Amino acid sequence: MPLTRIAAVAGHFGADIGRALDKLAGIIERLGADGVDLLVLPDATLGGYLGDLSNPDPAHWPEAIDPDGSEIGMLCRMAGAMTVCVGYAERAGPRRYNAAVCLTGDGVLGRHRKVHQPAGEHLAYAAGDRFAAFDTPVGRLGMLIDYDKTFPESARTLALDGARTIAALSAWPASVTDRASRMPNDRQARLFDLYDQARAAENQVVLASSNQTGITGRLRFLGQAKVVGPGGDILAKTWSKGGLAVADIDIDAEVDRARRVLRHLDERRTDTYRNLLRDKGGRPCE
């Protein structure tokens, strides 16, 4: 059976895009030699993340780059046969998006703009407006960017679009309102793991979760990269420091096995979910 080697990264990537690209060249070369097929890098790998979510200072916003610019082209050349998901700040005319791109040496395979925005992130980024899966050499895949995975509808939309693997790219910090003395006791650390496992199990898909580490401004990032199987079981995990979560898995066989008796997507009762078709004010969506 064909095994896919998945690597999810926990690592610190700061504001210097050139330095990040140099770092990625070494990472991708080494993991390519190790047979990695799918590499999921953190949100904001190129350019870093905001240093303050309550009142982000425009003077310290991450540098936004063109989605078809030289930096993305350089990553395609680095990737070769590997499928790589990476996060960056996207420039789109006067707007900026917290975005992710999935690519190989053949070019860009898919894109995602973060839809759900926590706290003051809307001051720095516009919101995306869709979730869509796409075909890759490792099978049909969809992407989420950190806060997106808090909402079950996000991953469910990707699964209904045929995604068997979800890449969840994060710049997810520890709690800024209720700091714990030890990272494992942090409320956000527990939620980060819970969402990863729940989104995989409820959709019976493989989920690869990456995250930033270290400190940027007022934010201390969690790490905790992992690969989760379609039953919600953690197959590989890092902790709060930088590292790689690597797992070999036959994606189709494991997803098919998880769905052999209980098929969550097929067994939904959409006729009973009428509140899902209402907007924030309780009005029917048009």
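Heavy-atom basis, side chains included; hydrogens, waters and symmetry copies ignored. None of the values given here were measured: they were computed from a predicted structure.
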Peer 1: Within this structure, what is the OH-CG distance for the pair Y195 and L207, rounded to the nearest 0.5 Å?
Peer 2: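 Interatomic distance, Y195 OH to L207 CG, rounded to 0.5 Å: 14.0 Å.
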Peer 1: Given the rule in the side chain to side chain contact (heavy atoms under 4.5 Å, CB included) test, do L265 and R259 qualify, once you have shown the distances and angles that lead to the verdict?
Peer 2: CA-CA 9 Å; L265 299 182; R259 298 176 179 180; 3.8 Å; yes
Peer 1: Decide whether a cation-pi geometry holds between K23 and F13; the criteria are a distance under 6.0 Å from NZ or CZ to the six-membered ring centre and an angle within 45° of the ring axis.
Peer 2: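 Relative to the ring axis of F13, which defines the angle, K23 lies inside both limits.
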Peer 1: L39 and side chain to side chain contact (heavy atoms under 4.5 Å, CB included): which single residue from L24, I28, I6 fits?
Peer 2: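 By the side chain to side chain contact (heavy atoms under 4.5 Å, CB included) criterion, L39 pairs with just one of L24, I28, I6: I28.
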Peer 1: Do you know which two heavy atoms are closest between R187 and S175, and how far apart they sit?
Peer 2: NH2-OG, 3.7 Å
Peer 1: Please check this pair: side chain of T238 against backbone of A225, looking for a donor-acceptor N/O pair closer than 3.5 Å.
Peer 2: yes
Peer 1: At what distance, to the nearest 0.5 angstrom, does CG of N55 lie from CG of D57?
Peer 2: 7.5 Å
Peer 1: What is the ring orientation for Y125 with Y49, classed by angle as parallel under 30°, tilted 30 to 60°, or perpendicular over 60°?
Peer 2: parallel
Peer 1: Does L158 reach the side chain of H112, with side-chain heavy atoms less than 4.5 Å apart?
Peer 2: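 In short, these two side chains do not touch, never coming nearer than 4.5 Å.
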Peer 1: Determine whether L3 and L235 fall in the same hydrophobic cluster, where Ile, Leu, Val, Met, Phe, Trp and Tyr are linked whenever their side-chain heavy atoms lie under 4.5 Å apart.
Peer 2: no
Peer 1: Do R19 and D16 meet the salt-bridge criterion of a basic N to acidic O distance under 4.0 Å?
Peer 2: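 No salt bridge links D16 with R19.
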Peer 1: State whether R5 and D37 are salt-bridged, where the test is any N-O pair (Lys NZ or Arg NE/NH1/NH2 against Asp/Glu carboxylate O) under 4.0 Å.
Peer 2: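 D37 and R5: not salt-bridged.
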Peer 1: Can you get from V255 to I249 by hopping between Ile, Leu, Val, Met, Phe, Trp and Tyr side chains that sit under 4.5 Å apart?
Peer 2: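 Result: yes, single cluster for both.
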Peer 1: Between R164 and D256, does the salt bridge (charged side-chain N to carboxylate O under 4.0 Å, His left out) criterion hold? Intermediate values first, please.
Peer 2: CA-CA 10 Å; R164 292 194 150 212; D256 288 344; 2.8 Å; yes
Peer 1: May I have the step-by-step check of side chain to side chain contact (heavy atoms under 4.5 Å, CB included) for M143 and V40, ending in yes or no?
Peer 2: CA-CA 10 Å; M143 294 188 291; V40 180; over 6 Å; no
Peer 1: Taking the side chain from E71 and the backbone from L46, do they hold a donor-acceptor pair closer than 3.5 Å?
Peer 2: no
Peer 1: Can you pull the ring-ring contact (aromatic ring centres under 6.0 Å, His included) pairs that have at least one residue in residues 231-264, sequence neighbours excluded?
Peer 2: none
Peer 1: Is a donor on one side and an acceptor on the other found under 3.5 Å between the side chain of R218 and the backbone of D52?
Peer 2: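 Not confirmed, R218 side chain does not pair with D52 backbone.
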Peer 1: Would you confirm whether E254, through its side chain, and D250, through its main-chain N or O, come within 3.5 Å as a donor-acceptor pair?
Peer 2: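 No, because the side chain of E254 does not come within donor-acceptor range (under 3.5 Å) of the backbone of D250.
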Peer 1: Donor-acceptor pair, distance only, cut-off 3.5 Å: does the side chain of N211 make one with the backbone of W172?
Peer 2: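 Judged by distance alone, yes, a pair lies under 3.5 Å.
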Peer 1: Assess whether a salt bridge exists between R156 and E153, defined as any Lys/Arg side-chain N lying under 4.0 Å from an Asp/Glu carboxylate O.
Peer 2: no
Peer 1: For residues D161 and R140, determine if any side-chain heavy atom of one lies less than 4.5 Å from a side-chain heavy atom of the other.
Peer 2: yes
Peer 1: Between V9 and L21, is there a shared hydrophobic cluster once you connect ILVMFWY residues whose side-chain heavy atoms come closer than 4.5 Å?
Peer 2: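 Linked, V9 and L21 end up in one cluster.
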Peer 1: Could you check C85 against L38 for side chain to side chain contact (heavy atoms under 4.5 Å, CB included), going step by step and ending with a plain yes or no?
Peer 2: CA-CA 8 Å; C85 300; L38 172 62; 4.3 Å; yes
Peer 1: Show every side chain to side chain donor-acceptor pair (under 3.5 Å) that has at least one partner inside residues 74-90, sequence neighbours left out.
Peer 2: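 Those involving residues 74-90 are Y88-E90, Y88-R111, E90-R113.
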Peer 1: Locate the shortest heavy-atom distance separating A79 from G105; write the atom from each residue and the value.
Peer 2: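 Distance-wise, the nearest heavy atoms are CB-N, 4.0 Å.
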Peer 1: Any heavy-atom pair between the side chains of F134 and L141 that's under 4.5 Å?
Peer 2: yes
Peer 1: Does a side-chain heavy-atom distance below 4.5 Å link V115 with S154?
Peer 2: no
Peer 1: Between L109 and P137, is there a side-chain heavy-atom distance shorter than 4.5 Å?
Peer 2: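 A side-chain contact under 4.5 Å exists here.
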Peer 1: Would you call D43-K114 a salt bridge at under 4.0 Å N-O?
Peer 2: no
Peer 1: To the nearest 0.5 Å, what is the distance between CZ on R274 and OG1 on T272?
Peer 2: 9.5 Å
Peer 1: Which label fits H116 and F151: parallel for a plane angle under 30°, tilted from 30 to 60°, or perpendicular past 60°?
Peer 2: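 Geometry flag for F151 against H116: parallel rings.
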Peer 1: A quick test of your reading: do over 12 heavy atoms of other residues, nucleotides or ligands sit less than 6.0 Å from CZ of R257?
Peer 2: no
Peer 1: Are L103 and I65 connected, step by step, through hydrophobic side chains (Ile, Leu, Val, Met, Phe, Trp, Tyr) whose heavy atoms are closer than 4.5 Å?
Peer 2: yes
Peer 1: Show the nearest heavy-atom pair for residues A124 and R96, with the distance to one decimal.
Peer 2: O-NE, 3.2 Å
Peer 1: Supply the atom-to-atom distance D66 CG to I72 CD1, rounded to the nearest 0.5 angstrom.
Peer 2: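 Separation between the atoms: 8.5 Å.
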Peer 1: Could you measure the distance from the OG1 atom of T150 to the CG atom of L191? Nearest 0.5 Å is fine.
Peer 2: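 Nearest 0.5 Å value for the OG1-CG distance: 7.5 Å.
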Peer 1: Taking the side chain as every heavy atom from C-beta outward, state whether Q117 and N98 have any pair of such atoms under 4.5 Å apart.
Peer 2: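 In short, these two side chains do not touch, never coming nearer than 4.5 Å.
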Peer 1: Any non-hydrogen side-chain atom of V176 less than 4.5 Å from a side-chain atom of Q188?
Peer 2: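 The answer is no, as the side chains (C-beta and beyond) never meet within the 4.5 Å cut-off.
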Peer 1: Could you report the tightest heavy-atom contact between T213 and G223, atom names first, then the distance?
Peer 2: CG2-CA, 3.6 Å
Peer 1: Where do L50 and E121 come nearest, in terms of heavy atoms and distance?
Peer 2: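 Heavy atoms only, the tightest pair is CD1-CG, 4.1 Å.
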Peer 1: Assigning hydrophobic clusters by single linkage (Ile, Leu, Val, Met, Phe, Trp, Tyr; side-chain heavy-atom cutoff under 4.5 Å), is I17 placed with V101?
Peer 2: yes
Peer 1: Between S170 and K149, does the side chain to side chain contact (heavy atoms under 4.5 Å, CB included) criterion hold? Intermediate values first, please.
Peer 2: CA-CA 9 Å; S170 291; K149 73 181 179 187; 4.0 Å; yes
Peer 1: Between the side chain of D34 and the main-chain N/O of V36, is any donor-acceptor distance below 3.5 Å?
Peer 2: no
Peer 1: Could you check K237, Q224, K226 and say which one makes a side-chain hydrogen bond (donor to acceptor under 3.5 Å, both in side chains) with D196?
Peer 2: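 Of the listed options, the one satisfying the test is K226.
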Peer 1: Is P230 close to V206 at the side-chain level, that is, under 4.5 Å between some pair of heavy atoms?
Peer 2: yes
Peer 1: Do you know the tightest heavy-atom contact between A8 and S209?
Peer 2: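 Heavy-atom minimum between the residues: CB-O, 3.4 Å.
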